[in-house]
Amino acid sequence: MQYIYSAMVLYSAGKAITEDAITAILTAAGVEVDAAKVKALVASLEGVDIESAIANAAVAAPAAAAAAPAAGAAAAPAAAEAKEEEEEAVSEEEAAAGLSALFG
């Protein structure tokens, strides 16, 4: 993911996405750079309109999320939501206990 993020940083800064530029960003971030991955990323992005790819991804992501429950994957999100609600309830109870200690 760091490789893709470095390309996105270059794109958002208006810079050319080159092997040297990606390597420089990754090196500055303390990442051990794999030259083959850098070369593959630059080659795969050659001729790609990143702006339209981002726009298409932003539209496709909600559609994919809406289609997932229809495909029978609703059980996992429901379990995650139940666990999240349980954690919130515990946190609210703890917070209330802490506040009551302040006000006697």
Side-chain angles (χ1 to χ4, degrees):
M1 292 302 289
Q2 299 98 338
Y3 294 84
I4 295 170
Y5 291 149
S6 64
M8 296 303 297
V9 166
L10 290 167
Y11 170 76
S12 67
K15 304 292 183 184
I17 300 173
T18 64
E19 292 178 33
D20 291 338
I22 289 174
T23 301
I25 289 174
L26 293 171
T27 303
V31 175
E32 187 174 324
V33 180
D34 182 350
K37 287 182 181 180
V38 172
K39 183 174 247 148
L41 176 63
V42 171
S44 67
L45 290 176
E46 191 172 309
V48 173
D49 182 6
I50 295 175
E51 186 173 345
S52 68
I54 292 171
N56 290 338
V59 171
E81 287 178 19
K83 184 177 180 181
E84 189 174 293
E85 288 176 8
E86 182 180 313
E87 290 176 359
E88 287 179 12
V90 171
S91 297
E92 289 174 5
E93 290 173 6
E94 290 174 356
L99 287 175
S100 66
L102 287 174
F103 298 108

Could you check Asp20, Leu26, Thr27, Ile25 and say which one makes a side chain to side chain contact (heavy atoms under 4.5 Å, CB included) with Thr23?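 Between Thr23 and the candidates, side chain to side chain contact (heavy atoms under 4.5 Å, CB included) is satisfied uniquely by Thr27.
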
Indicate every side-chain donor-acceptor pair of residues 5-12 with a distance under 3.5 Å to a residue at least two apart or in another chain.
{"from": "Ser6", "atom 1": "OG", "to": "Gln2", "atom 2": "O", "distance (Å)": "3.4"}
{"from": "Ser6", "atom 1": "OG", "to": "Tyr3", "atom 2": "O", "distance (Å)": "2.6"}
{"from": "Ser12", "atom 1": "OG", "to": "Met8", "atom 2": "O", "distance (Å)": "3.2"}
{"from": "Ser12", "atom 1": "OG", "to": "Val9", "atom 2": "O", "distance (Å)": "3.1"}

How far does CD1 of Ile4 sit from CD1 of Ile22, to the nearest 0.5 angstrom?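 Reported to 0.5 Å precision, the distance equals 10.0 Å.
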
I need the minimum non-hydrogen distance between Ala21 and Ala16, along with the two atoms involved. CB-O, 3.9 Å

Which residue pairs satisfy the side chain to side chain donor-acceptor pair (under 3.5 Å) criterion with at least one member in residues 28-50, sequence neighbours excluded? Asp49-Ser52

